Structures are given as C-alpha cells and as structure tokens.
Amino acid sequence: MNERLVVICLLAALVFHQASAQSLLHRVDSMLTVNYHKGDIDTSYIMRPTRKWTIMARLNVSGAKIEAKGIDNGLHFDSEMKADYKSTLSLGVSYLGFSLSAALNPAKLMGKYRDYELNFNSYGRRFGFDVIYQDAHNFVGWHDHEGMERIELPDGLLKVKTLNVNAFYVFNSHRFSYPAAFSQSYIQRQSAGSFLLGVSGQRQRATLNWEQEMQLKMTSLALGAGYGYNYVPSQDWLLHISALPAFIVYSNTSMIFGDSRVPLHYHFPEVIITGRGAVIRYWDNIFLGASMVFNFTNTGHEENLALHNTKWRFRAFFGLRI
C-alpha cells in the first residue's frame with residue numbers, strides 16, 4: 001500500500017513539474033514576443049518577421065590591401081601589398097532576435113591560411129557597429145621606385161595587426177532599418193532613408209623586413225556623418241546602399257626605417273570612409289541575398305608619405321523562417 005502511494009506521489013510531482021516548466025516557458029516566450037515586437041517604428045515602413053525562428057547559412061569572404069606612396073630622396077615611389085582572401089562558412093539560428101552561430105574556415109583547417117581574423121558586428125535599429133581585428137602575415141605585392149625596375153615583394157615580408165571599429169547612429173530609425181539589410185531581423189516594407197552619425201577608429205602595427213626593417217604604429221579616431229537608403233522596388237526585393245565618411249580628428253603615427261625615424265605629420269583631409277551595400281530577394285518564408293562592408297583609411301600626404309588602408313567583407317546568405 002505504501003509503495004503504491006509513493007508511486008502516485010512521484011507521478012503527481014512529475015506532472016506538476018512538467019506543467020510548471022511548460023507554464024514558465026510559456027511566460028518567458030510571451031515576454032520575449034512582446035519585447036520582440038515592441039519599438040517606436042512605423043509598421044507601414046518596417047516590421048518584424050512574423051515567424052519566430054530564422055535559420056541562416058552564410059559564405060563570408062574578406063580581404064585587405066595597404067598602399068604606400070611618397071617621395072624618397074626626391075624620387076617618387078609606390079608600393080602595394082595584398083593579403084590572402086579569407087573565406088568562412090557559417091550557420092546561425094535566431095529566435096525572437098537572439099542569435100547563435102558557428103563558423104568554419106576550410107583553408108585554415110587544411111593549413112593553407114595562416115592568418116587570424118575576427119569579425120564582430122551588431123546592427124540595431126538606432127545603433128550599430130562593426131569590429132574587425134586582423135593579424136596577417138601573408139601579404140604579397142610590389143614596390144615601384146622612380147628610375148628603378150619594379151620589385152616583387154613575396155609572402156612573409158610584411159606582418160600587420162589591424163583593429164577597425166565603426167559605429168553609427170540612425171536618425172530615422174522608425175522608418176529606415178539597417179537590420180533589414182544586414183541581419184534580417186526586420187523587414188523593410190517601403191523605401192526609406194536616413195542621415196547617419198558615425199565614429200570610426202583604426203589602430204595598426206606593421207613590420208616590414210625588406211633590406212632594412214620598417215616599423216609602423218598608427219592610431220586614428222574620426223567623426224563623420226553620412227546617409228543610408230533602403231530601396232524597395234517591390235515586396236520581393238530590398239536594395240541597400242550607405243556611405244559614412246569621417247574626418248580624422250586624432251592621429252598618432254610613428255614610423256622607423258632602419259635607424260631613422262620618418263616624420264608623418266597630419267595633413268588635412270585625412271579620412272576613414274565606411275561604405276555598405278546589400279541586395280535581398282524574398283520568397284514567402286525564404287530569402288537569399290548578399291551584402292558588403294568596405295572600409296578605407298587615408299593618412300599622410302604623398303609629398304612625404306601617404307598610407308591607404310582598404311578592408312572589405314563580402315557575405316552571401318540563404319535564410320529560412322519557420
């Protein structure tokens with residue numbers, strides 16, 4: 001009799017526990033749903049997806065280039081170095097705005113890609129940012145000096161560590177959506193644009209072992225404004241383009257070549273320009289698209305030494321909402 005009573009009590013406790021857990025999950029889901037759809041937006045222009053889950057597969061490709069132009073002993077010179085492209089495959093899952101993803105670099109696994117790169121971005125309705133860190137040793141390129149034959153620069157001579165940070169504020173966030181173009185957590189229903197306010201920064205350390213060792217340290221901070229536009233030609237398409245030029249307001253650059261320190265003075269205008277573009281095609285709960293982020297930094301002057309840094313990332317993606 002006692003054994004039956006114990007079994008009944010255990011079954012009752014299990015049922016109560018399951019009911020409590022389901023009730024708790026239901027309350028949490030309701031709170032997340034309310035928060036997900038909450039916001040000061042004009043729903044005739046932008047809206048949240050009606051389905052709670054989004055599954056996305058992405059192909060990411062990124063590259064970097066450094067150019068140097070100037071005058072050495074009265075003669076012009078021009079150099080260009082490019083890093084190997086980095087390609088990754090990733091799979092992400094999002095539930096009511098909370099996302100989790102994992103990425104894989106096939107070339108890294110096979111030992112063909114020796115660099116390290118970290119990309120982290122967040123696109124909110126009002127605020128957003130991109131953070132890119134690259135530790136690259138695989139630059140190849142050339143050096144062209146006036147009166148001399150062009151010299152090919154092989155892999156391994158240049159080592160560069162670069163940190164790029166770009167943050168922006170969207171003024172017309174109730175009608176214009178950056179996430180609709182870049183994270184697909186919103187849907188742009190009608191064409192709209194917005195003025196943008198931005199802050200950009202770059203920190204770079206480079207070492208070139210060629211004839212004499214060259215070391216470069218550069219820190220730049222820039223403020224600027226730009227404009228972004230989401231064009232919706234039909235309910236099945238979204239095209240985005242934006243530009244955010246920023247003028248460098250703080251610059252600290254030092255360069256040592258052999259035993260000599262090369263003066264690198266601030267020369268207006270020095271700029272950091274961030275450009276973005278995207279195109280998306282929708283089919284009910286399926287979407288397919290591509291996006292690109294482009295970053296260009298110009299420091300110095302060609303009468304002495306000018307440095308041009310270019311960093312870009314291309315992304316192709318396929319998504320399913322359920």
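Being a predicted model, the structure only gives us computed values, none of them experimental.
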A.B. asks: Just how far is it from atom CG of L288 to atom CG of L320, taken to the nearest 0.5 Å?
C.D. replies: 12.5 Å

A.B. asks: Given 3.5 Å as the limit, does a donor-acceptor pair link the side chain of E146 with the main chain of H76, or not?
C.D. replies: yes

A.B. asks: Any donor-acceptor pair under 3.5 Å linking the side chain of R205 with the backbone of V160?
C.D. replies: no

A.B. asks: Do N166 side-chain atoms and T274 backbone N/O form a donor-acceptor pair below 3.5 Å?
C.D. replies: no

A.B. asks: Measuring from S79:OG to H308:NE2, what's the distance to the nearest 0.5 Å?
C.D. replies: 12.5 Å

A.B. asks: Centre-to-centre under 6.0 Å for F268 and F247, is that the case here?
C.D. replies: yes

A.B. asks: Can you tell me if E270 uses its side chain to pair, donor with acceptor, with the backbone of G300 under 3.5 Å?
C.D. replies: yes

A.B. asks: Counting only N and O atoms by type, is there a donor-acceptor contact under 3.5 Å from the side chain of D115 to the main-chain atoms of H137?
C.D. replies: yes

A.B. asks: Does any donor atom in the side chain of S242 or Y178 lie under 3.5 Å from an acceptor atom in the other side chain?
C.D. replies: yes

A.B. asks: Look up atom CD1 in I248 and atom OG1 in T253, then write down how far apart they are to the nearest 0.5 Å.
C.D. replies: 8.0 Å

A.B. asks: Run the side-chain hydrogen bond (donor to acceptor under 3.5 Å, both in side chains) test on S291 and R315 for me, step by step, so that the C-alpha distance in whole Å, both residues' side-chain angles and the decisive distance to 0.1 Å come before the verdict.
C.D. replies: CA-CA 5 Å; S291 65; R315 172 176 290 171; 5.2 Å; no

A.B. asks: Given side-chain hydrogen bond (donor to acceptor under 3.5 Å, both in side chains), test D84 with N138 step by step and report yes or no.
C.D. replies: CA-CA 6 Å; D84 283 349; N138 60 8; 3.3 Å; yes

A.B. asks: Verify the distance criterion only: is there a donor paired with an acceptor across the side chains of Q202 and Q204 at less than 3.5 Å?
C.D. replies: no

A.B. asks: Testing the 3.5 Å rule here: is there a donor-acceptor pair between the side chains of N164 and Y133?
C.D. replies: no

A.B. asks: Before giving the answer on salt bridge (charged side-chain N to carboxylate O under 4.0 Å, His left out), spell out for R276 and D130 the whole-Å C-alpha distance, their side-chain angles and the decisive distance to 0.1 Å.
C.D. replies: CA-CA 11 Å; R276 295 180 175 90; D130 286 294; 2.6 Å; yes

A.B. asks: Whether the side chain of N230 engages the backbone of S191 through a donor-acceptor N/O pair (distance < 3.5 Å, no angle test) should be reported.
C.D. replies: no

A.B. asks: Got a second to check how far S90's OG is from N105's CG, nearest 0.5 Å?
C.D. replies: 11.5 Å

A.B. asks: Does some side-chain heavy atom of R125 sit less than 4.5 Å from a side-chain heavy atom of S177?
C.D. replies: no

A.B. asks: Verify the ring-centre separation between H240 and Y229: is it less than 6.0 angstrom?
C.D. replies: no

A.B. asks: Determine whether more than 12 heavy atoms belonging to other residues, nucleotides or ligands lie under 6.0 Å from atom CD of E303.
C.D. replies: no

A.B. asks: Output yes when a side-chain donor or acceptor of D42 lies under 3.5 Å from a complementary backbone atom of H174, and no otherwise.
C.D. replies: no

A.B. asks: Between S194 and N172, is there a donor-acceptor pair closer than 3.5 Å when you use the side chain of the first and the backbone of the second?
C.D. replies: yes

A.B. asks: When you measure from the side chain of K86 to the backbone N and O of E117, does any donor-acceptor pair fall under 3.5 Å?
C.D. replies: yes

A.B. asks: Do W312 and Y85 have ring centroids that are under 6.0 Å from one another?
C.D. replies: yes

A.B. asks: Checking ring-ring contact (aromatic ring centres under 6.0 Å, His included) against F129, which of F168, F182, F120 comes through?
C.D. replies: F120

A.B. asks: Less than 3.5 Å apart, any donor N or O on the side chain of S94 or S99 sitting next to an acceptor on the other?
C.D. replies: yes

A.B. asks: Honestly curious: do F195 and L244 fall in one hydrophobic cluster under the side-chain, below-4.5 Å linking rule?
C.D. replies: no

A.B. asks: Taking the side chain from Q134 and the backbone from A136, do they hold a donor-acceptor pair closer than 3.5 Å?
C.D. replies: no

A.B. asks: Distance check, rounded to the nearest 0.5 Å: M218 atom CE versus L216 atom CG?
C.D. replies: 6.0 Å

A.B. asks: Do the side chains of K159 and D135 get close enough for a salt bridge, i.e. N-O under 4.0 angstrom?
C.D. replies: no

A.B. asks: If hydrophobic clusters are built from ILVMFWY residues whose side chains come within less than 4.5 Å, do I256 and L157 share one?
C.D. replies: no

A.B. asks: For the residue pair T88 / N60, report whether a side-chain donor-acceptor contact shorter than 3.5 Å exists.
C.D. replies: yes

A.B. asks: Report whether F317 and L238 are members of the same hydrophobic cluster (ILVMFWY, side-chain heavy atoms less than 4.5 Å apart, transitive linking).
C.D. replies: yes

A.B. asks: Cation-pi between R281 and F287: NZ/CZ under 6.0 Å from ring centre and within 45° of the ring axis?
C.D. replies: no

A.B. asks: What's the separation between atom CG in L223 and atom CG in L197, rounded to the nearest 0.5 Å?
C.D. replies: 8.0 Å

A.B. asks: With a 6.0 Å cut-off on the ring centroids, do F127 and Y169 count as close?
C.D. replies: yes

A.B. asks: Suppose we screen for ring pair (Phe, Tyr, Trp, His ring centres under 6.0 Å). Which residues come up paired with F77, at least two apart in sequence or across chains?
C.D. replies: H143

